[in-house]
Amino acid sequence: MLLRPRPFLLQALTPLHPSRGPLAVRRTLSAHAAAADAAPSGDASPPVRTRHKNSRTPVPPRVSVNTALFFPPGVDRDATVAAEMVLPGSNIVVGPYAGDARVKEAEFIGCSAHARDCPKDDRPEFAVLGRSNVGKSSLINALTRRKEAALTSKKPGKTQTINHFLINKSWYLVDLPGYGFAAASKTARMDWSSFTKGYFLNRDTLVGVLLLVDASVPPQKIDLDCANWLGRNNVGLTFVFTKCDKVKKGKGGRPEENIKEFQENIKLVYPEPPPWIMTSSTTGLGRDGLLLHMSQLRNYWDNETT
């Protein structure tokens, strides 16, 4: 399969420079779909809202945050969007590329110390990134419904390699090292940063990054810096707010308040809002919606690379 040039993948909008006016915006998958984008034939699947029989019933939160919507490929920006077209607890509109989002199989393929060692087939992939202890492993386990797909640990910073999980034998979920763990050695942190950035800049099969942000605490500068770096390097991202069921005493406001504050900060670097969704690995909140969002980006990617 021939791969299209990088602009056809999920990419972020060029952030604004604080000392200049708005830069020219590149219309990519993180922006709304261009009017010329053709929708695939056939009916799109409606939002999946099934719940696992053994999980708690996730209740969509009342989101009093920025309501600026993310328009996926195939949805015109000027189209009238009904409430049921927006995934609960998110700003993501469901478009015609949304399809079967079920995870039927999940297989650990291997770990790589460098981007050059990653699988070399043409399967699309989503990278999971975030601060150490933000809940990366818990999210991967929740998405795959495998308790130990990605081993969780009480010691942050345990993941030190690029770990590939093959989903349904058709696409990859990639667990990347967490950033910002102070207990790691300075040399280790530099090495992790080096090979992680190499992965982002050289991985042609990367559809997009799931940037995890802990909603139970106020916005952290390191998360904003990471989002800024991804945007400036034209790497597409979706903000996945984790721990939306938790309120930590003495560490800030409620998750909805922290998310609102985070989005106010992110406006300074993104001319248009990237997609975002609220999740909880404990209750299952946002799981089905996130998988459906990933399906429409992945299906668009497949359509553009054939």
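Residues: numbered from 1 along the sequence shown. Note that the structure is a prediction, hence the values are computed from the model and not measured.
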Enquirer: What closest approach, in Å, do A98 and V94 show between heavy atoms, and which atom pair accounts for it?
Expert: CB-CG1, 3.8 Å
Enquirer: Output the distance between atom CG (N234) and atom CZ (R232), rounded to the nearest 0.5 Å.
Expert: 12.0 Å
Enquirer: Below 4.0 angstrom, N of the basic side chain to O of the carboxylate: do E264 and K267 qualify?
Expert: yes
Enquirer: Is it the case that more than 12 heavy atoms not belonging to K120 sit under 6.0 Å from its NZ atom?
Expert: yes
Enquirer: Could you check whether any side-chain N or O of N233 sits under 3.5 Å from a backbone N or O of V235, counting only pairs where one atom can act as donor and the other as acceptor?
Expert: no
Enquirer: Tell me if the aromatic rings of Y199 and H114 count as close, with their centers under 6.0 Å from one another.
Expert: no
Enquirer: Looking at residues at least two apart in the chain, or sitting in another chain, which of them share a side chain to side chain donor-acceptor pair (under 3.5 Å) with D78?
Expert: none
Enquirer: I need the minimum non-hydrogen distance between V103 and N168, along with the two atoms involved.
Expert: C-OD1, 3.7 Å
Enquirer: I would like to know whether D117 and S112 meet side chain to side chain donor-acceptor pair (under 3.5 Å); could you show each step before the answer?
Expert: CA-CA 5 Å; D117 301 323; S112 308; 5.8 Å; no
Enquirer: Closest approach of I277 and L290, non-hydrogen atoms and distance?
Expert: CD1-N, 3.6 Å
Enquirer: A side-chain contact here means heavy atoms from C-beta on lying under 4.5 Å apart; do S138 and N141 qualify?
Expert: no
Enquirer: Per the salt bridge (charged side-chain N to carboxylate O under 4.0 Å, His left out) rule, what does the pair list look like for residues 160-173, sequence neighbours excluded?
Expert: E105-K169
Enquirer: How close do P274 and N91 get, counting heavy atoms only, and between which atoms?
Expert: O-ND2, 3.2 Å
Enquirer: So which heavy atom on N299 is nearest to which on Y97, and how close?
Expert: ND2-O, 2.7 Å
Enquirer: Begin with the C-alpha distance, continue with both residues' side-chain angles, and end with the deciding distance and a verdict on salt bridge (charged side-chain N to carboxylate O under 4.0 Å, His left out) for E272 and R77.
Expert: CA-CA 12 Å; E272 297 187 22; R77 187 180 181 82; 3.3 Å; yes
Enquirer: Is it possible for you to check whether R298 lies under 6.0 Å from the centre of the six-membered ring of W171, through NZ or CZ, and within 45° of that ring's axis?
Expert: yes
Enquirer: Among V174, L173, L210, N163, which one satisfies side chain to side chain contact (heavy atoms under 4.5 Å, CB included) with I140?
Expert: L173
Enquirer: Between CD of E256 and SG of C244, what distance do you get to the nearest 0.5 Å?
Expert: 7.5 Å
Enquirer: For a quick test of reading the model, state the closest non-hydrogen atom pair linking P72 to Q296 and the distance between them.
Expert: CB-NE2, 3.6 Å
Enquirer: Walk me through it: do T238 and H293 pass the test side chain to side chain donor-acceptor pair (under 3.5 Å)?
Expert: CA-CA 9 Å; T238 295; H293 168 60; 2.9 Å; yes
Enquirer: Please list, chain by chain and in numerical order, all residues satisfying ring-ring contact (aromatic ring centres under 6.0 Å, His included) with F239, sequence neighbours excluded.
Expert: F262
